[in-house]
Number of protein chains: 2
Amino acid sequence: MEADVCKRLGGNLKRLRTAAGRSQEDFAHDADIHRTYISDLERGARNPTIRVVDRLAKALGVSMGDLLD
Amino acid sequence: MEADVCKRLGGNLKRLRTAAGRSQEDFAHDADIHRTYISDLERGARNPTIRVVDRLAKALGVSMGDLLD
DNA sequence: ATGTGACTGAGAGTCCGTG
DNA sequence: CCACGGACTCTCAGTCACA
């Protein structure tokens, strides 16, 4: 446990996005975030602000806790 | 509802911190975050990264969802 | 369809203060 | 004890070309 927050977010994001059957490109469009930025996030390579996470959560229809906890 | 994420975090943070009976300064020290930044966060005046929120949650002994949802 | 390095403007986060 | 400001450094947001 205690994986880095960014890795945790990345894993949750990838899991929830693929579970919804959406590509990074399509999802990026819905969340209004650049395609390569989504790629970075899923790899845990970025430390995003809560405003970005808020957009991710809304585009997925989940809570922020679902992405971060 | 639908308040800005930063305002939501600010309200939750202030509520949970005061419920724990701690001053901003003491709490800032425990979370290893500058005291003025805690003040800014509680007023919803900043858009922090998830690493900062993670430290806040740990210092309070709550989940990130408790602070953000 | 996704991963990655590089880039720039904007803003995250720190530290000095004051009322 | 807290709100708020100014000034600073360093990282994030957002984008591109290319693999």
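Predicted, not measured: the structure shown is a model, and the values here were computed from it.
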Rounded to whole angstrom units, what separation is found between the CD1 atom of Ile38(A) and the C1' atom of dG3(C)?
14 Å

Partner residues of Arg15(A) under the side chain to side chain donor-acceptor pair (under 3.5 Å) criterion, sequence neighbours left out
Asn12(A)

Listed by chain and number, what are the side chain to side chain donor-acceptor pair (under 3.5 Å) partners of Ser63(B), not counting sequence neighbours?
Asp66(B)

Could you identify which residues of residues 11-29 of chain A place a heavy atom less than 4.0 Å from some atom of DNA chain C, listed by residue number, or say none?
Arg17(A), Ser23(A), Gln24(A), Glu25(A)

Test of understanding: with side-chain contact (heavy atoms from CB on, under 4.5 Å), list the residues that count as partners of His29(A), not counting sequence neighbours.
none

What distance do Leu56(A) atom CG and Leu9(A) atom CG have between them, rounded to the nearest 0.5 Å?
6.5 Å

Only distances under 3.5 Å count here; give the side-chain donor-acceptor pairs of residues 40-54 of chain A to other protein atoms, sequence neighbours excluded, each with its distance to 0.1 Å.
residue  : atom : partner  : partner atom : Å
Asp40(A) : OD1  : Arg43(A) : NH1          : 2.8
Asp40(A) : OD2  : Arg46(A) : NE           : 3.0
Asp40(A) : OD2  : Arg46(A) : NH2          : 3.2
Glu42(A) : OE1  : Arg17(A) : NH2          : 3.1
Glu42(A) : OE1  : Gln24(A) : NE2          : 3.1
Glu42(A) : OE2  : Arg17(A) : NE           : 2.6
Glu42(A) : OE2  : Arg17(A) : NH2          : 3.4
Asn47(A) : OD1  : Arg51(B) : N            : 3.3
Asn47(A) : ND2  : Thr49(B) : OG1          : 3.3
Thr49(A) : OG1  : Asn47(B) : ND2          : 3.2
Arg51(A) : NH1  : Asp4(B)  : OD1          : 3.2
Asp54(A) : OD1  : Lys58(A) : NZ           : 3.4
Asp54(A) : OD2  : Lys58(A) : NZ           : 2.8

Using five base pairs at each end, measure the axis-to-axis angle across the helix from dT2(C)-dA19(D) to dG19(C)-dC2(D) and round it to 10 degrees.
40°

Nearest heavy-atom neighbours spanning Arg55(A) and Ile33(A):
NH1-CG1, 3.6 Å

Using the side-chain contact (heavy atoms from CB on, under 4.5 Å) criterion, which residues pair with Ser23(A)? Sequence neighbours excluded.
Glu25(A), Asp26(A)

If you apply the rule side chain to side chain contact (heavy atoms under 4.5 Å, CB included), what do you find for Val5(B) with Met64(A), and how did you get there?
CA-CA 10 Å; Val5(B) 211; Met64(A) 296 183 72; 3.7 Å; yes

Does Arg22(A) have any salt bridge (Lys or Arg N to Asp or Glu O under 4.0 Å) partners at least two apart in sequence or in another chain, and if so, which?
Asp30(A)

Treating primed atoms plus P, OP1 and OP2 as sugar-phosphate and everything else as base, which nucleotides of nucleotides 13-18 of chain C get B, S or - for protein heavy atoms under 4.0 Å?
BBBBB-

Are Leu60(A) and Phe27(A) close enough that some pair of their side-chain heavy atoms sits under 4.5 Å apart?
yes

